[in-house]
Amino acid sequence: MTTATATDSGATATAAASGANATQRFTTDKAMSASTPPGRVSMLAREVLDAVHRTVREHKVTYEEYNALKAWLISVGQDGEWPLFLDVWVEHVVEEVASENRDGSKGTIEGPYYVPGAPELGSDAVLPTRDGEQGTPLVFQGQVTGVDGSPLPGAVIEIWHADADGFYSQFAPGIPEWNLRGTVTADDQGHFRIRTLKPAPYQIPTDGACGKLISAAGWHPWRPAHLHLKVGATGHEQITTQLYFPGDAHNDDDVASAVKPELVLDPRDVDGGQEVTYDFVLDRADRV
Ligand code: MBD
Ligand code: FE
């Protein structure tokens with residue numbers, strides 16, 4: 001048992017270390033499927049390449065710019081930032097397409113920092129924290145139902161989020177393995193209650209390839225503060241989502257384009273912190 005305290009968190013966090021962890025996680029958790037037929041691979045690859053060629057012609061891209069791009073693409077891999085790059089700038093459109101026929105609660109992107117198998121905490125849960133963990137106490141509670149309104153007993157809610165410095169356990173140094181991560185099981189009425197601390201906004205690391213793109217383009221590196229969740233129940237489609245806090249400066253210009261109006265919470269101030277209720281509605285897995 002380590003005795004990490006909140007002040008250790010991310011003291012020496014680097015893009016390369018966080019990227020290496022995210023790359024390692026992805027390659028172990030999400031084995032690639034080779035089931036895409038050659039005709040579809042050809043069409044998709046052709047269209048992406050056509051778009052690149054069009055851009056080169058239209059903007060008369062120079063050899064200097066081509067070589068800068070080549071060096072940058074190499075550094076994305078060296079920094080382990082392919083998961084970060086893709087989840088920030090591409091995943092939101094894949095999620096949009098994947099969820100277009102869903103009737104239940106909105107979802108959004110998963111991002112690079114999910115880890116399966118977080119500790120089981122029951123239906124009235126307290127997320128693991130360090131001694132002195134910083135942040136406003138937050139009670140997050142709700143009910144999981146089907147689209148017909150019927151409660152889903154035993155629904156499983158996986159939750160993970162950043163700490164008050166914007167760091168995720170298992171991706172920044174000095175944070176206990178399951179800090180601010182948990183698996184919550186709804187009660188016999190589909191209700192759950194989770195006690196945690198409000199996360200901080202997340203800043204894309206400025207010392208890696210993604211940070212270099214952001215500064216070279218004059219963009220900003222921020223995501224609004226958010227909770228990540230996966231919610232599922234037997235016979236129902238699991239949703240992956242994020243929830244945001246009202247008034248965050250970056251709810252309207254998230255670098256990862258993952259905020260939707262339905263995902264902004266409405267917390268109330270209570271003694272010693274905030275409390276918010278948010279219900280999840282799941283589609284049946286066999287819907288047509
Ligand atoms: C995050 O915390 C995140 O949620 C996403 C999508 C990308 C980078 C960091
Ligand atoms: Fe995140």
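Counting starts at 1 for both ligands and their atoms, in listed order. All values below come from the heavy atoms of this structure, side chains included, with hydrogens, waters and symmetry mates left out.
- When all heavy atoms are compared, the tightest approach of Cys210 to Ile204 is CB-CG2, 3.9 Å.
- Counting protein heavy atoms only, atom 8 (C) of ligand 1 is closest to Leu84 CD1, 3.4 Å.
- The aromatic rings of Tyr278 and Phe280 lie perpendicular to each other, with more than 60° between the two planes, well past the 30° mark.
- Between the side chains of Tyr113 and Arg181, no donor-acceptor pair is found at a separation under 3.5 Å.
- Within the 4.0 Å heavy-atom shell around ligand 1 one does not find Glu110.
- In this pair, Trp82 and Trp72 present their aromatic rings perpendicular. The plane angle is above 60°, beyond the 30 to 60° band.
- For atom 6 (C) of ligand 1, the candidate residues are Asp87, Ile109, Leu86; the nearest heavy-atom contact is made by Ile109.
- Listed by atom number, the atoms of ligand 1 under 4.0 Å from Val88 heavy atoms are 7 (C), 8 (C).
- For the pair Thr185 (side chain) and Val156 (backbone), a donor-acceptor distance under 3.5 Å is absent.
- What sits closest to atom 3 (C) of ligand 1 on the protein, heavy atoms only, is Arg223 NH1, 3.4 Å.
- Nearest to atom 7 (C) of ligand 1 by heavy-atom distance, out of Pro112, Ser18, Ala256, is Pro112.
- Ring centroids of Phe171 and Trp160 are separated by 6.0 Å or more, keeping the two rings apart.
- An N or O contact shorter than 3.5 Å is missing between Tyr113 and ligand 1 by distance.
- Put simply, no part of Glu91 is less than 4.0 Å from ligand 1, judged by heavy atoms.
- The nearest protein atom to atom 9 (C) of ligand 1, hydrogens excluded, is given as Tyr202 CE2, 3.1 Å; this is a heavy-atom distance.
- Because the distance cut-off is set at 2.8 Å, His228 qualifies as a neighbour of the Fe ion (ligand 2) through one of its N, O or S atoms.
- Counting protein heavy atoms only, atom 2 (O) of ligand 1 is closest to Tyr168 OH, 2.9 Å.
- Using cut-offs of 30° and 60° for the angle between ring planes, the Phe140 and Phe192 rings count as tilted.
- Using a distance-only test at 3.5 Å, with no hydrogens or angles considered, a donor-acceptor pair links the side chain of Gln143 to the main chain of Gln189.
- A donor-acceptor contact closer than 3.5 angstrom is absent between the side chains of Asp283 and His236.
- Between NE2 of His226 and OH of Tyr168, the angle at the Fe ion (ligand 2) works out to 90°, rounded to 10 degrees.
- For ligand 1, the atoms sitting less than 4.0 Å from at least one non-hydrogen atom of His228 are 2 (O), 4 (O), numbered in the order shown with element in parentheses.
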